[in-house]
Amino acid sequence: MKLTLYKRDNCSLCDEAVVMLEWLQEDYPIELEQIDIAGDEVLEAKYLFEIPVLIHEGVVISQGRYNDNKVEDFVKYTLTSKKNV
């Protein structure tokens, strides 16, 4: 399962999200792509006031303060659903 995290340097909420996602990777098969929005006008316009933003296949899972329970529930549900297809 691939998750994309939009973030920037010197963002404590982003740093917290990265740590929580790394812990989640210990229990689930997650590939985490981290994209720094700094210097990208399009990404800054879209996400600057929303980061960190976590996305899976175009769906926003989390934005702003990271919610570990919400993200883990999404990951569990998505992995379970794909196994049953």
Side-chain angles (χ1 to χ4, degrees):
M1 164 179 229
K2 183 176 179 182
L3 301 178
T4 302
L5 180 68
Y6 292 94
K7 64 184 197 85
R8 66 184 166 98
D9 288 337
N10 300 317
C11 166
S12 61
L13 292 177
C14 300
D15 294 342
E16 177 183 327
V18 169
V19 168
M20 299 304 279
L21 287 162
E22 287 172 349
W23 285 346
L24 202 59
Q25 284 180 302
E26 293 177 9
D27 296 323
Y28 300 97
I30 296 170
E31 176 187 339
L32 180 61
E33 176 184 21
Q34 298 181 45
I35 298 177
D36 189 339
I37 67 167
D40 184 315
E41 291 180 20
V42 174
L43 293 178
E44 284 182 344
K46 189 171 185 178
Y47 297 122
L48 184 62
F49 299 107
E50 307 295 325
I51 59 170
V53 177
L54 184 64
I55 295 178
H56 172 66
E57 295 181 354
V59 176
V60 174
I61 303 167
S62 176
Q63 65 188 48
R65 185 165 296 280
Y66 182 85
N67 182 328
D68 191 45
N69 292 327
K70 179 180 176 182
V71 173
E72 186 169 9
D73 288 347
F74 179 89
V75 167
K76 278 194 243 182
Y77 175 79
T78 302
L79 290 172
T80 302
S81 320
K82 289 186 177 186
K83 284 182 183 175
N84 294 326
V85 171

| field | Nearest-0.5 Å distance, CD1 of residue Ile51 to CG of residue Leu5 | value |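 Ile51 CD1 to Leu5 CG: 9.0 Å, rounded to 0.5 Å.
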
| query | If you round to the nearest 0.5 Å, how far is NE2 of His56 from OG1 of Thr78? | reply |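 Answer rounded to 0.5 Å: 5.0 Å.
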
| request: Under the side chain to side chain contact (heavy atoms under 4.5 Å, CB included) rule, what do Val71 and Met20 come out as? Steps first, then yes or no, please. | output: CA-CA 10 Å; Val71 173; Met20 299 304 279; over 6 Å; no

| query | Should Met1 and Ile55 be regarded as members of a common hydrophobic cluster, given that ILVMFWY residues are connected when their side-chain heavy atoms come within less than 4.5 Å of each other, either directly or indirectly? | reply |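 Different clusters.
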
| task | Treat each ILVMFWY residue as a node, draw an edge where side-chain heavy atoms are under 4.5 Å apart, and state whether Leu13 and Val19 are in one component. | result |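 As far as the 4.5 Å side-chain criterion goes, Val19 and Leu13 are not connected within one cluster.
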
Under 3.5 Å, which donor-acceptor pairs link side chains of residues 23-49 to any protein atom two or more places apart or in another chain?
residue, atom, partner, partner atom, Å
Gln25, NE2, Ile30, O, 2.9
Tyr28, OH, Glu72, OE2, 2.8
Glu33, OE1, Lys2, NZ, 3.3
Glu33, OE1, Thr4, OG1, 3.3
Asp36, OD1, Ala38, N, 2.9
Asp40, OD1, Val42, N, 3.1
Asp40, OD1, Leu43, N, 3.0
Glu44, OE2, Gly39, N, 2.9

Please list, one pair per line, the donor and acceptor atoms closer than 3.5 Å that link side chains of residues 60-69 to other protein atoms, with sequence neighbours excluded.
residue, atom, partner, partner atom, Å
Gln63, NE2, Glu50, OE1, 2.8
Asn67, OD1, Asn69, N, 3.2
Asn67, OD1, Lys70, N, 3.0

